[in-house]
Amino acid sequence: MTLEAVMLHYVDDMDAKINGIQQFLRTQVPDGSRWSAYHRMFEQFFIYPAPERKMQIPDKIIKGEFEEE
């Protein structure tokens, strides 16, 4: 077996697992909870990521006005 074949095998396996977890999280996270139901294949719970927050950039930084110390 070549190195490329081994790498392809592991990348494909990881991709399948990640897709499975994403599908599981879409359907198995109770409303208002950040934790999923128990996943029997992986034998664990998953934490659902918090919604992304947009960072507010102060006007001084946008305008390039920096205070020197």
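- Residue M41 is grouped with residue I21 when hydrophobic side chains (ILVMFWY) are merged at heavy-atom distances under 4.5 angstrom, including chains of intermediate members.
- Applying the ring-ring contact (aromatic ring centres under 6.0 Å, His included) criterion to Y38, with sequence neighbours excluded, gives F45.
- Under a cut-off of 6.0 angstrom, the local environment of CE in M7 is sparse, with at most 12 non-hydrogen atoms contributed by other residues, nucleotides or ligands.
- For I18, the side-chain contact (heavy atoms from CB on, under 4.5 Å) criterion is met by M14, Q22, not counting sequence neighbours.
- Applying the side-chain contact (heavy atoms from CB on, under 4.5 Å) rule to M1 yields the partners A5, V6; only residues at least two apart in sequence or on another chain are considered.
- Heavy-atom contacts from other residues, nucleotides or ligands closer than 6.0 Å to CZ of F42 number more than 12.
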Please tabulate, for side-chain N and O atoms in residues 23-33, each donor-acceptor pair with protein atoms closer than 3.5 Å (sequence neighbours left out).
| unit_1 | atom_1 | unit_2 | atom_2 | d |
| --- | --- | --- | --- | --- |
| T27 | OG1 | Q23 | O | 3.4 |
| T27 | OG1 | F24 | O | 3.3 |
| S33 | OG | W35 | N | 3.0 |
| S33 | OG | W35 | O | 3.2 |

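- Applying the salt bridge (Lys or Arg N to Asp or Glu O under 4.0 Å) test to residues at least two apart or on different chains, the pairs with a partner in residues 1-13 are D13-K17.
- Residues passing the salt bridge (Lys or Arg N to Asp or Glu O under 4.0 Å) test with D15, sequence neighbours excluded: none.
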